[in-house]
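Heads up, the thing below is written out as structure tokens.
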Amino acid sequence: MTVRILTGVEPRHEALVARHLASLPGVELVRRCPDLADLVAAASAGLADAAIVSVGLRGIDRDSLGHLR
């Protein structure tokens, strides 16, 4: 089974997170979202099973986290 992942992390950490995810068996990084709008759109489209979100992602709040959930 493969877990499909979206990321929405601060640019300074994004490459490191992507490298670590690529090294994990059973994990597929399906999209590296540059902003909250892209992350929400990708999640709404059902492109992934989970998302890794940085608290420093611009615009992230309880409402957007609830929508992602």
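Keep in mind the model is a prediction, meaning the values are calculated, not measured.
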message = Under 4.5 Å between side-chain heavy atoms, counting indirect links through other Ile/Leu/Val/Met/Phe/Trp/Tyr residues: same cluster for I5 and L47 or not?
response = no
Heavy-atom closest pair, residues E10 and S54 = OE2-OG, 3.0 Å
ask   = Do you know which two heavy atoms are closest between A48 and L6, and how far apart they sit?
value = CB-CG, 3.4 Å
inquiry  = Which heavy atom of E14 sits nearest to which heavy atom of V9, and what is that distance?
reply    = CA-CG2, 3.4 Å
inquiry  = Distance check, rounded to the nearest 0.5 Å: R19 atom CZ versus L29 atom CG?
reply    = 12.5 Å
task = Locate the shortest heavy-atom distance separating V27 from T2; write the atom from each residue and the value.
result = C-CG2, 4.3 Å
inquiry  = Assigning hydrophobic clusters by single linkage (Ile, Leu, Val, Met, Phe, Trp, Tyr; side-chain heavy-atom cutoff under 4.5 Å), is V30 placed with L68?
reply    = yes
request  = Assess whether side-chain contact (heavy atoms from CB on, under 4.5 Å) is satisfied between H67 and S44, documenting all intermediate values.
outcome  = CA-CA 8 Å; H67 185 74; S44 295; 3.1 Å; yes
key: Main-chain N/O of I60 paired with S64 side-chain donor or acceptor, under 3.5 Å   = no
note = Between C33 and L39, the two heavy atoms sitting closest are SG-CA, 3.5 Å
task = Report the C-alpha distance between I52 and L21 in whole Å, list the side-chain angles of each, state the deciding distance to 0.1 Å, and finish with yes or no for side-chain contact (heavy atoms from CB on, under 4.5 Å).
result = CA-CA 10 Å; I52 295 175; L21 289 173; 3.7 Å; yes
ask   = Looking only at heavy atoms, what is the nearest atom pair of L36 and G59, with distance?
value = CD2-O, 3.3 Å
